[in-house]
Amino acid sequence: MTEPMATPPRKLKIATVSLAGCFGCHMSFLDIDERLLPLLDLVEFDRSPLTDIKHCGPCDIGLIEGGVCNAENVHVLREFRAQCRVLVALGACAVNGGLPAQRNHLAVGDVLQQVYLTGHGLAAGSQIPNDPELPLPLNQVHPVHEVVRIDHFLPGCPPSGDAIWAFLNDLIASREPRLGHGLLHYD
Ligand code: SF4
């Protein structure tokens with residue numbers, strides 16, 4: 001649980017992002033608790049919800065939470081693939097689309113109509129948002145590997161803090177990640 005991390009020759013750069021995710025995988029990452037302190041001795045964070053960096057620079061490891069549900073997700077995911085040496089699909093949504101992919105058996109136009117035009121409790125005159133600032137939804141939710149090459153998959157909704165810790169420990173030490181007993185699950 002609190003074994004020391006292997007020391008890399010220099011501080012590694014890690015970027016993280018939530019695409020069509022719920023931030024639960026990031027919360028689980030923070031569940032490594034006091035192990036964040038030794039981790040910060042070994043790595044620095046680039047673009048991440050934990051920092052104020054707007055674009056992903058060259059990184060050693062990219063952690064992708066969430067599947068791909070809109071045009072901006074595609075853009076950001078490609079940026080991460082271009083900048084990160086090792087890209088990890090973190091959590092069920094990134095691995096296989098997760099629960100948000102349940103919308104895949106519905107037509108996206110019908111969903112938008114139900115939510116913004118015909119659903120209960122809407123104000124009179126409600127419209128489907130159409131500001132060009134908003135990213136267009138894709139017809140279906142996709143796992144990240146359908147858009148870019150992914151190097152590692154860490155399942156779980158979310159993966160536990162212990163699983164993320166063990167996984168990162170292996171990556172930082174340039175080992176093939178192996179989750180020990182009890183760390184690999186899909187729920
Ligand atoms: S895998 Fe689960 S915890 Fe992680 S982003 Fe998806 S719904 Fe949230």
Side-chain angles (χ1 to χ4, degrees), residues 1 13-36 39 43 45-56 59-81 83-84 86-106 108 111-112 114-115 134-172 177-187:
M1 172 103 175
K13 281 204 161 192
I14 295 183
T16 80
V17 71
S18 180
L19 302 178
C22 75
F23 285 93
C25 289
H26 276 80
M27 293 308 294
S28 202
F29 176 43
L30 296 179
D31 277 344
I32 69 173
D33 294 330
E34 76 279 2
R35 291 169 288 187
L36 273 170
L39 178 65
V43 306
F45 283 88
D46 196 87
R47 175 181 170 162
S48 167
L50 310 172
T51 70
D52 198 29
I53 299 172
K54 308 299 186 203
H55 289 281
C56 182
C59 282
D60 299 286
I61 300 169
L63 303 177
I64 310 290
E65 169 194 299
V68 180
C69 77
N70 64 33
E72 186 201 20
N73 291 163
V74 175
H75 176 77
V76 172
L77 180 56
R78 286 184 174 149
E79 179 183 87
F80 266 66
R81 178 67 279 177
Q83 297 290 356
C84 298
V86 172
L87 208 56
V88 179
L90 177 68
C93 295
V95 170
N96 61 21
L99 286 176
Q102 289 198 15
R103 81 153 160 93
N104 288 357
H105 65 278
L106 303 169
V108 69
V111 174
L112 292 172
Q114 168 75 24
V115 170
L134 298 173
L136 284 173
L138 304 181
N139 286 339
Q140 299 219 310
V141 177
H142 298 268
V144 291
H145 72 83
E146 289 185 2
V147 180
V148 298
R149 179 176 55 80
I150 297 295
D151 300 294
H152 298 285
F153 296 83
L154 178 51
C157 184
S160 69
D162 286 344
I164 294 170
W165 170 259
F167 206 87
L168 271 182
N169 217 339
D170 283 339
L171 284 183
I172 289 169
R178 290 185 195 285
L179 292 182
H181 177 70
L183 293 182
L184 181 64
H185 63 92
Y186 294 86
D187 57 354

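Both counts, for ligands and for their atoms, begin at 1 and track the order of listing.
Counting atoms of ligand 1 from 1 in the listed order, those under 4.0 Å from a heavy atom of C25 are 1 (S), 3 (S), 4 (Fe), 5 (S). Here is the list of ligand 1 atoms found below 4.0 Å of a heavy atom in E65: 5 (S). Shown in contact with C22 at under 4.0 Å from a heavy atom are these atoms of ligand 1, numbered in order with element: 3 (S), 5 (S), 7 (S), 8 (Fe).
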* I would like to know whether R35 and D33 meet salt bridge (charged side-chain N to carboxylate O under 4.0 Å, His left out); could you show each step before the answer? => CA-CA 5 Å; R35 291 169 288 187; D33 294 330; 5.5 Å; no
* So K13 and D46, salt bridge (charged side-chain N to carboxylate O under 4.0 Å, His left out) or not? Walk me through it. -> CA-CA 6 Å; K13 281 204 161 192; D46 196 87; 3.8 Å; yes
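A 4.5 Å side-chain heavy-atom check between C84 and I61 finds every atom pair outside the cut-off. Put simply, the side chain of V88 does not reach to within 4.5 Å of the side chain of I64, judged on heavy atoms.
Counting only distance, with no hydrogens or angles, the side chain of D170 and the backbone of R178 share a donor-acceptor pair below 3.5 Å.
Distances from ligand 1 to the non-hydrogen atoms of G156 include at least one value under 4.0 Å.
If you check which protein heavy atom lies closest to atom 1 (S) of ligand 1, you get A92 N, 3.3 Å. Atom 2 (Fe) of ligand 1 has its closest protein heavy atom at C157 SG, 2.3 Å.
Among the backbone and side-chain atoms of C93, no N/O/S atom is found under 2.8 Å from atom 2 (Fe) of ligand 1.
Looking at H26 and T16, their side chains do bring a donor and an acceptor atom within 3.5 Å of each other.
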